[in-house]
Amino acid sequence: MKTFVKVLGIASLIALGACQSKQADNVQNAYENQADKIDNQADNMEAAADNLSGNASNAAEHAADALENKADATRDAGENAADAVDAKTH
């Protein structure tokens, strides 16, 4: 599922690339890079959860879910920031 979301996100960036200014692309890419780092943290947390049991495993899974939500919010913020950059330039 994560791979599909990442592919969809990349495809969206490519589609938006034709519509955005270079400056907006740079802003959005910075947010996307940060979101990717957060996704990697979530992946690591999920891997750690696999080595735990009981409540510790559940806590790690919930923490990974929270990180994935944070990554999604970061991507959304990047889109909004890029839109704001484009709104200033047009």
Problem - K70: side-chain contact (heavy atoms from CB on, under 4.5 Å) partners, not counting sequence neighbours - result: I38, T74
Practice task
Working to the nearest 0.5 Å, report the span between CG of N58 and CG of N55.
Solution key: 6.0 Å
Exercise for the section: Measure the CD-CG distance between E46 and N51 for me, rounded to the nearest 0.5 Å. Expected result: 12.5 Å
Problem - Contacts of type side-chain contact (heavy atoms from CB on, under 4.5 Å), residue A81, not counting sequence neighbours - result: V27, Y31
Exercise for the section: For the residue pair R75 and D39, establish whether any side-chain heavy-atom pair is separated by less than 4.5 Å. Expected result: yes
Practice task
Among Ile, Leu, Val, Met, Phe, Trp and Tyr joined by side-chain contacts under 4.5 Å, find the other residues sharing a cluster with L52 and list them by chain and number.
Solution key: none
Exercise for the section: For A82, enumerate each residue passing the side-chain contact (heavy atoms from CB on, under 4.5 Å) test, keeping only those at least two apart in sequence or located in another chain. Expected result: Q20, A24, Q28
Completion exercise
So OG of S57 and CG of D50: to nearest 0.5 Å the spacing works out to 7.0 Å
Practice task
To the nearest 0.5 angstrom, please state how far the CD atom of E32 sits from the CG atom of D25.
Solution key: 12.0 Å
Fill in the blank from the handout: Of all heavy-atom pairs linking A60 and M45, the shortest is O-CG, 3.1 Å
Problem - Nearest-0.5 Å distance that lies between atom CG in N40 and atom NZ in K37 - result: 10.0 Å
